[in-house]
Amino acid sequence: MTREFKNSGYLGVAVLLLCVSAVTSAMGLRSLVALPVEKDGGVVRSVWEHQTEAEFIRAAAAYGFTPEQAMFMETSYRISPEGDDQQGELSVLYRHIVWQKDRFTGTDRAGLLGGAVVPTISEHEWAYQAGGVYTHFRERHEIDMDALYLVRHERFGNQLRYDLSWQYRLLPAEFPDWGIASEWRSVLELNGRREEHQGSSHLITLGLQWSHQTWVLEGGVSQQMNASRNPQYLVGFRFHF
């Protein structure tokens, strides 16, 4: 094997690893399920969100059993207004990546989702959820899509949820030859919810992410598309380990 061939092989591996590492922290602002989680790796996330008539803290965590299998958990707590139902439900989701194609310039992957929504107050019932997630990453662009269908007790009605997020790497325009640089990414996101007894709602969000190798600081401004409400704000922090 010639030295030139060895060097080109090492360079190819380095570029591929750089592409993979570049998307380890990329994801939308309101959905965690598209995030890649390596074996025995984990992510914790905390988000403060201000809505028109309420204020929330949302907490989420993810753990990778294998590169293809991961578990996601998420709950919320309403800071204001106070009341008896401030603690939100606990969502538990298992994700299995069933297809993935890696290239030097990015990756595509698709996965299946399944799990439950655990009630935190006695008046609520268990719900069951299933769906899918897809990611397309190429150079400075990433698109994440996921959809979930929730089967709830008849008095609450079933629910369909979807999230569509486009992230664009603003800086750096090109990665250095060696090492991992911090990144600035813009986020444009569309989220939708359709409930049997309450109709549909759609939310558009414009945000910004500042990511390092192990942590991400992110924030955004959201607006209901089918309601004349004041804008919503969110600020979040993620830690990868």
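Predicted model only: the values in this text are computed from it and were never measured.
- In terms of heavy-atom proximity, Ile143 sits nearest to Trp166 at CG1-CD1, 4.0 Å.
- With sequence neighbours excluded, no residue satisfies salt bridge (Lys or Arg N to Asp or Glu O under 4.0 Å) with Asp146.
- Atom OG1 in Thr52 sits 5.0 Å away from atom CG in Asn230 (nearest 0.5 Å).
- Side-chain N/O atoms of Glu49 and Gln51 include a donor and acceptor closer than 3.5 Å.
- Side-chain contact check for Arg30 versus Thr205: some heavy-atom pair is nearer than 4.5 Å.
- The two atoms that bring Val43 and Phe241 nearest to each other are N-CE2, 3.9 Å, heavy atoms only.
- Note: Leu150 CG to Tyr128 OH = 12.0 Å, rounded to the nearest 0.5 Å.
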Test side chain to side chain contact (heavy atoms under 4.5 Å, CB included) on Leu93 and Leu148; report intermediate values, then the result. CA-CA 10 Å; Leu93 271 175; Leu148 277 171; 3.6 Å; yes
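- Between Trp48 and Phe56, every side-chain heavy-atom pair lies at or beyond the 4.5 Å cut-off.
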Test side-chain hydrogen bond (donor to acceptor under 3.5 Å, both in side chains) applied to Tyr162 and Asn191, step by step: CA-CA 6 Å; Tyr162 75 85; Asn191 314 98; over 6 Å; no
One pair to check against side chain to side chain contact (heavy atoms under 4.5 Å, CB included): Val151 and Gln159. What are the steps and the verdict? CA-CA 7 Å; Val151 180; Gln159 184 183 88; over 6 Å; no
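- With respect to the salt-bridge test (charged N to carboxylate O, under 4.0 angstrom), the residues Arg78 and Glu55 do not qualify.
- There is no side-chain donor-acceptor pair under 3.5 Å between Glu142 and Thr135.
- Between Ser200 and Arg193 there is no side-chain heavy-atom pair separated by less than 4.5 Å.
- Formation of a donor-acceptor pair under 3.5 Å by the Asp108 side chain with backbone atoms of His136 is not found in this model.
- Annotation: the span from Leu32 atom CG to Arg58 atom CZ amounts to 13.0 Å, rounded to 0.5 Å.
- The pair Arg140-Glu174 fails the salt-bridge criterion, with no side-chain N (NZ, NE, NH1 or NH2) lying under 4.0 Å from an Asp/Glu carboxylate O.
- Tyr168 meets the ring pair (Phe, Tyr, Trp, His ring centres under 6.0 Å) test with His141; sequence neighbours excluded.
- In this structure, Leu113 and Val133 have side chains that are in contact, with non-hydrogen atoms separated by less than 4.5 Å.
- A salt bridge is defined here as a Lys NZ or Arg NE, NH1 or NH2 lying under 4.0 Å from an Asp or Glu carboxylate O, and Glu218 with Arg45 meets this definition.
- Under a hydrophobic-cluster definition in which Ile, Leu, Val, Met, Phe, Trp and Tyr are linked whenever side-chain heavy atoms come within less than 4.5 Å, directly or via other members, Met225 and Leu234 are assigned to different clusters.
- No path of Ile, Leu, Val, Met, Phe, Trp and Tyr side chains, each step under 4.5 Å between heavy atoms, connects Val33 with Leu29, placing them in separate hydrophobic clusters.
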Evaluation steps, side-chain hydrogen bond (donor to acceptor under 3.5 Å, both in side chains), between Ser201 and Gln224: CA-CA 7 Å; Ser201 63; Gln224 288 277 359; 4.7 Å; no
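- Taking the six-membered ring where the residue is Trp, His212 and Trp210 present perpendicular rings, their angle passing 60° and hence far from 30°.
- For Gln167 (side chain) and Met27 (main-chain N/O), a donor-acceptor pair under 3.5 Å exists by modelled atom type.
- A heavy-atom distance below 4.5 Å is found between the side chains of Val98 and His96.
- Looking only at atom types and distance, the side chain of Gln100 has a donor-acceptor partner in the side chain of Asp102 under 3.5 Å away.
- The line from CG of Leu190 to CD1 of Ile204 is 6.0 Å long, rounded to the nearest 0.5 Å.
- Counting all heavy atoms, side chain and backbone alike, Arg109 lies closest to Pro36 at NH2-CD, 3.3 Å.
- Ion pair Arg103/Glu139 not flagged as a salt bridge, since none of the NZ, NE, NH1 or NH2 atoms sits closer than 4.0 Å to an Asp/Glu carboxylate oxygen.
- Leu208 and Leu164 fall within a single hydrophobic cluster, where Ile, Leu, Val, Met, Phe, Trp and Tyr are joined by side-chain heavy atoms under 4.5 Å apart, directly or via other members.
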In a table with atom names and distances, give each donor-acceptor pair under 3.5 Å that connects a side chain of residues 59-71 to protein atoms at least two apart or in another chain.
residue: Tyr63; atom: OH; partner: Asp40; partner atom: OD1; Å: 2.9
residue: Thr66; atom: OG1; partner: Glu68; partner atom: N; Å: 3.2
residue: Thr66; atom: OG1; partner: Gln69; partner atom: N; Å: 3.0
residue: Gln69; atom: OE1; partner: Tyr94; partner atom: OH; Å: 2.8

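- Closest approach of Gln87 to Thr75, counting heavy atoms only: NE2-OG1, 2.9 Å.
- Between Tyr134 and Asp144, the side chains place no donor N or O within less than 3.5 Å of an acceptor N or O (distance only, hydrogens not considered).
- Minimum heavy-atom separation, Ser211 to Arg185: OG-NH1, 3.4 Å.
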Could you check Leu35 against Arg238 for side chain to side chain contact (heavy atoms under 4.5 Å, CB included), going step by step and ending with a plain yes or no? CA-CA 11 Å; Leu35 184 69; Arg238 276 189 277 138; 3.9 Å; yes
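- By the rule that hydrophobic residues join a cluster once side-chain heavy atoms approach within less than 4.5 Å of another member, Leu188 and Leu171 end up as members of one cluster.
- Interatomic distance, Ser222 OG to His50 NE2, rounded to the nearest 0.5 Å: 12.0 Å.
- Linking Ile, Leu, Val, Met, Phe, Trp and Tyr residues whenever their side-chain heavy atoms come within less than 4.5 Å places Trp215 and Trp184 in a single cluster.
- Side chain of Gln86 to backbone of Tyr77: no donor-acceptor contact under 3.5 angstrom is found.
- Summarising the geometry, atom CD belonging to Glu74 is positioned 7.5 Å from atom OG belonging to Ser31; distances are rounded to the nearest 0.5 Å.
- Looking at Thr120, its side chain does come within 3.5 Å of a backbone N or O of Gly88 through a donor-acceptor pair.
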Run Val216 and Phe237 through side chain to side chain contact (heavy atoms under 4.5 Å, CB included) and show every step you take. CA-CA 6 Å; Val216 179; Phe237 179 81; over 6 Å; no
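- In this structure, Leu112 and Arg95 have side chains that are not in contact, with every pair of non-hydrogen atoms separated by 4.5 Å or more.
- In this structure the side chain of Trp126 reaches within 4.5 angstrom of the side chain of Val118, judged on heavy atoms.
- Looking at every heavy atom in both residues, Leu217 comes nearest to Gly236 through CD1-O, 3.5 Å.
- Under the 4.5 Å side-chain criterion, counting only non-hydrogen atoms from C-beta, Ile57 is in contact with Ile79.
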